Amino acid sequence: MIFENKYIQQRIEKANALKDAGYNPYANDSQRNTTIEKYLNVNSDVVEMENKRDENRHYIVSGRIKFLRIMGKASFVKIEDESGMLQIYVTRDNLHEGFYNTMFKKNIEVGDIIEVGGFPFVTGQGELSLHVDSFKLLTKAISPLPEKFHGVTDKEIRYRKRYLDLIMNADVRKTFQTRSRVISLTRRFFEDKGFLEVETPMMHPIAGGANAKPFVTHHNALGVDRYLRIAPELYLKRLIVGGFEAVFEINRNFRNEGMDATHNPEFTSIEFYWAYKTYKDLIEITKEYFQYLFEHLDLPTLFPYGDLEINFDNFQEIPLIKSLTTIGGVPADITKDKEKIIAYLNEKGITVKPGMNLGQLQGELFDEFVEEKLIDPTFITEYPVEISPLARRSDEHPEITERFELFIAGREIANAFSELNDPIDQLSRFEGQMAAKENGDDEAHEMDSDFVEALSYGMAPTAGQGIGIDRLVMLLTNEHSIRDVLLFPAMKPVSQEINEEDEEN
RNA sequence: GUCUUGUUAGCUCAGCUGGUAGAGCACGUCACUUUUAAUGAUGUGGCCGAUGGUUCGAAUCCAUCACAGGACACCA
């Protein structure tokens with residue numbers, strides 16, 4: 001049923017024809033001795049040679065056929081491996097008797113993975129190629145590839161069948177190579193600073209560390225529900241209590257929320273915690289981190305992103321309340337008065353949920369009038385305590401916390417603060433969150449008394465930060481949808497699959 | 001969750017105010033030993049996303065559903 005398509009049938013027949021003639025269409029004994037990139041580099045001098053060839057050299061390369069131009073008794077074929085694309089020249093007279101006409105021309109086609117041996121030469125058009133003297137099919141593709149020029153552009157196909165997207169679109173491969181580099185560099189940066197990489201649970205008894213709806217699963221042996229973690233924060237801080245002074249974790253978080261261009265239900269973040277430091281140290285290390293990334297990725301610090309130009313040499317720092325007036329244009333006299341803020345928001349056509357406190361309303365003003373205007377990297381500091389349940393209060397101004405968020409191109413990239421380490425204060429913050437939950441805020445924090453107990457043994461003054469890796473990669477690869485930096489973004493199942501599930505139930 | 005746009009051949013897309021479906025690539029056959037999205041000739045290929053409705057007649061109009069894109073809402 002799955003292979004009923006006539007093109008697939010045709011290709012299966014070709015695979016069978018090869019098999020009948022003694023050629024395994026899924027051969028396993030690859031003899032490849034170089035990659036295409038290396039071949040092109042090593043033989044670049046052939047261009048300078050008088051007869052444009054060196055028959056004393058011999059290489060075996062492998063790859064997928066992307067273009068196939070048969071011209072009678074000779075053919076030009078473009079094959080591609082992970083490192084690059086190579087043109088090979090296949091002729092009847094350089095292969096053993098009959099193979100070219102009865103096998104190559106009849107049964108080999110675009111999409112097949114082949115292995116060829118031969119010597120380097122340069123064509124009349126000046127392209128360094130491989131003159132083939134041995135030819136072997138490694139893998140027969142029985143499904144045809146998408147069209148060679150336009151490739152596959154349908155986003156649904158690109159996300160659901162990412163392998164096709166990767167076969168057809170070199171720039172997509174590049175994006176994911178960059179993503180891998182970013183994660184690798186991030187790991188190296190923090191290791192070089194003396195941070196210890198740790199792994200904490202993905203299944204939590206309490207969904208803590210952030211405000212979000214969790215996914216729920218069930219542990220049969222224990223007979224209890226578990227939550228896929230929404231953040232690793234509370235576990236990492238337990239490790240600081242335990243005496244590790246600098247830890248980080250790069251891993252997935254899961255949030256049961258809506259999906260859009262910047263949200264996927266599972267996403268990757270780095271969180272790091274640093275004892276005997278404050279959020280001011282985090283500002284410095286964050287600047288250093290970006291510098292490190294740009295240097296090692298060889299990116300310009302005057303960075304084009306869509307229609308924007310971001311200056312990564314221009315890190316700004318501004319307190320939240322101040323940003324409301326200087327950037328958001330909100331009158332200074334209203335930013336510290338609940339009723340005036342509500343009136344102002346209403347005047348702008350924005351309705352607010354009843355019962356919001358001053359800090360939440362200030363956050364609302366920020367989201368409405370400031371966030372999208374922050375293009376160059378900007379640390380917004382001094383967050384209200386009401387919307388920062390895990391952050392340490394400022395010693396001088398107890399209504400604000402020692403916290404910042406980093407915004408770039410109008411999007412939040414990082415969230416950081418000096419950690420709350422007073423167990424009594426932490427307990428009362430949790431109680432405040434419980435009260436909010438009673439009032440219908442279903443995303444308020446859960447009480448985590450085990451965590452409070454951990455704090456009660458004493459956590460050194462610590463600063464901690466989370467950075468959204470997906471959004472960071474979006475920036476660095478100039479992508480504008482999180483799906484384009486996730487190899488397999490979340491998709492609804494096609495209706496057929498839903499029906500099958502229904503039948504089982 | 002709301003609004004909006006889309007879904008036609010393996011892929012990329014046409015198809016006007018309703019009259020039984022079209023191109024390019026790919027694929028089959030033929031020709032071709034220096035091509036670059038090779039070329040020339042010729043041919044095959046479709047439940048027009050699904051289900052209903054209007055109509056003598058629906059890819060086209062209407063409704064519902066499914067999936068996708070975009071915007072908004074929610075959310076760090």
Side-chain angles (χ1 to χ4, degrees), chain A residues 3-11 13-14 52-53 66-78 85 87-94 100 105-106 109-111 121-127 129 131 141-161 164-165 167-168 209-213 230-231 233 253 255-265 267 269 350-351 353 363 366-367 371 380 383 387-388 403 405-407 411-416 441-443 466-468 470-471 480-481 483-484 489 491-499:
Chain A
F3 293 140
E4 70 190 3
N5 177 285
K6 63 179 184 298
Y7 297 107
I8 295 178
Q9 283 302 322
Q10 212 167 61
R11 281 171 170 254
E13 279 164 28
K14 291 181 181 191
K52 304 281 186 191
R53 61 179 58 213
K66 299 298 285 288
F67 298 93
L68 184 56
R69 294 188 275 275
I70 296 175
M71 301 177 305
K73 299 176 190 65
S75 298
F76 286 97
V77 184
K78 293 254 181 173
M85 183 105 77
Q87 174 168 270
I88 64 172
Y89 183 58
V90 184
T91 56
R92 184 193 65 184
D93 298 339
N94 284 291
Y100 182 83
K105 276 170 70 174
K106 295 290 177 190
E109 55 207 319
V110 171
F121 80 114
V122 176
T123 66
Q125 303 294 314
E127 180 167 347
S129 307
H131 205 294
I142 62 168
S143 283
L145 288 184
E147 197 234 12
K148 62 188 170 187
F149 187 58
H150 297 94
V152 48
T153 60
D154 183 301
K155 292 215 159 150
E156 185 166 357
I157 297 176
R158 289 187 46 222
Y159 298 148
R160 285 193 197 277
K161 303 182 183 181
L164 277 183
D165 193 25
I167 290 171
M168 300 308 295
N211 301 329
K213 297 192 194 79
I230 57 174
E233 172 153 356
N253 294 323
R255 298 187 184 178
N256 208 340
E257 314 272 6
M259 293 157 60
D260 63 25
T262 55
H263 296 82
N264 194 69
F267 65 99
S269 70
I350 299 151
T351 50
K353 278 184 276 183
F366 178 82
D367 291 346
E371 180 167 2
I380 297 293
Y383 272 69
I387 55 174
S388 312
R403 175 183 176 192
E405 290 196 353
L406 173 63
F407 293 86
R411 281 205 286 265
E412 180 201 342
I413 297 295
N415 179 22
D441 182 354
D442 57 358
E443 275 150 13
I467 301 173
D470 311 285
R471 292 182 185 179
H480 294 258
S481 169
R483 295 180 205 98
D484 291 317
M491 300 288 277
K492 275 199 190 179
V494 296
S495 55
Q496 210 178 352
E497 293 173 31
I498 292 172
N499 290 338

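Worth saying up front: this structure is predicted, and the values here are computed from it rather than measured. Residue numbering restarts at 1 for every chain, and letters A, B, ... go by the order of the sequence lines.
Contact of A/T123 with B/U35 (side chain to base): a donor-acceptor pair of N or O atoms is detected under 3.5 Å. In the interface, the side chain of A/S75 is not paired with the base of B/U35 through any donor and acceptor atom under 3.5 Å apart.
Which of B/U12, B/C32, B/C75 sits closest to the side chain of A/K73 comes down to B/C32. Ranking B/U35, B/U12, B/G69 by closeness to the A/V152 side chain, first place goes to B/U12. Minimum atom distance to the side chain of A/E257 is reached by B/C75, of the listed B/C75, B/U35, B/U12. For A/Y159, whose side chain is taken as the heavy atoms from C-beta onward, the closest listed nucleotide among B/C75, B/A38, B/G69 is B/G69. The side chain of A/F149 sits closest to B/A37 out of B/A37, B/U34, B/G28. Checking B/A37, B/C67, B/C74 against every side-chain atom of A/D260, the shortest atom distance belongs to B/C74. Across B/A37, B/U36, B/U34, the shortest atom-to-atom separation from the side chain of A/K78 is found for B/U36. Proximity note for A/D154 (side chain, C-beta onward) versus B/C74, B/A37, B/U12: the nearest is B/U12. Closest to the side chain of A/R483, out of B/U33, B/G69, B/A68, is B/G69. Distance from the side chain of A/S481 is smallest to B/G70 among B/U35, B/G70, B/C32.
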Polar-atom pairs under 3.5 Å, protein N or O versus N or O of nucleotides 5-10 of chain B: list them with distances, or write none.
residue, atom, partner, partner atom, Å
B/G10, N7, A/Y7, OH, 3.2

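As judged by a 4.0 angstrom heavy-atom cut-off over every strand, A/F407 is placed among residues making no nucleic acid contact.
Listed by chain and residue number, nothing satisfies the salt bridge (Lys or Arg N to Asp or Glu O under 4.0 Å) test with A/K73 (two or more places apart in sequence, or in another chain).
Base-pairing analysis of RNA chain B finds the following stems of at least three consecutive Watson-Crick or G-U pairs, with both pairing distances under 3.5 Å: B:1-7 with B:66-72, B:10-13 with B:22-25, B:27-31 with B:39-43, B:49-53 with B:61-65.
Ion pairing between A/K106 and A/E13 fails under the 4.0 Å rule for side-chain N and carboxylate O.
Atom C1' of nucleotide B/U36 and atom NZ of A/K66 are separated by 15 Å, given to the nearest angstrom.
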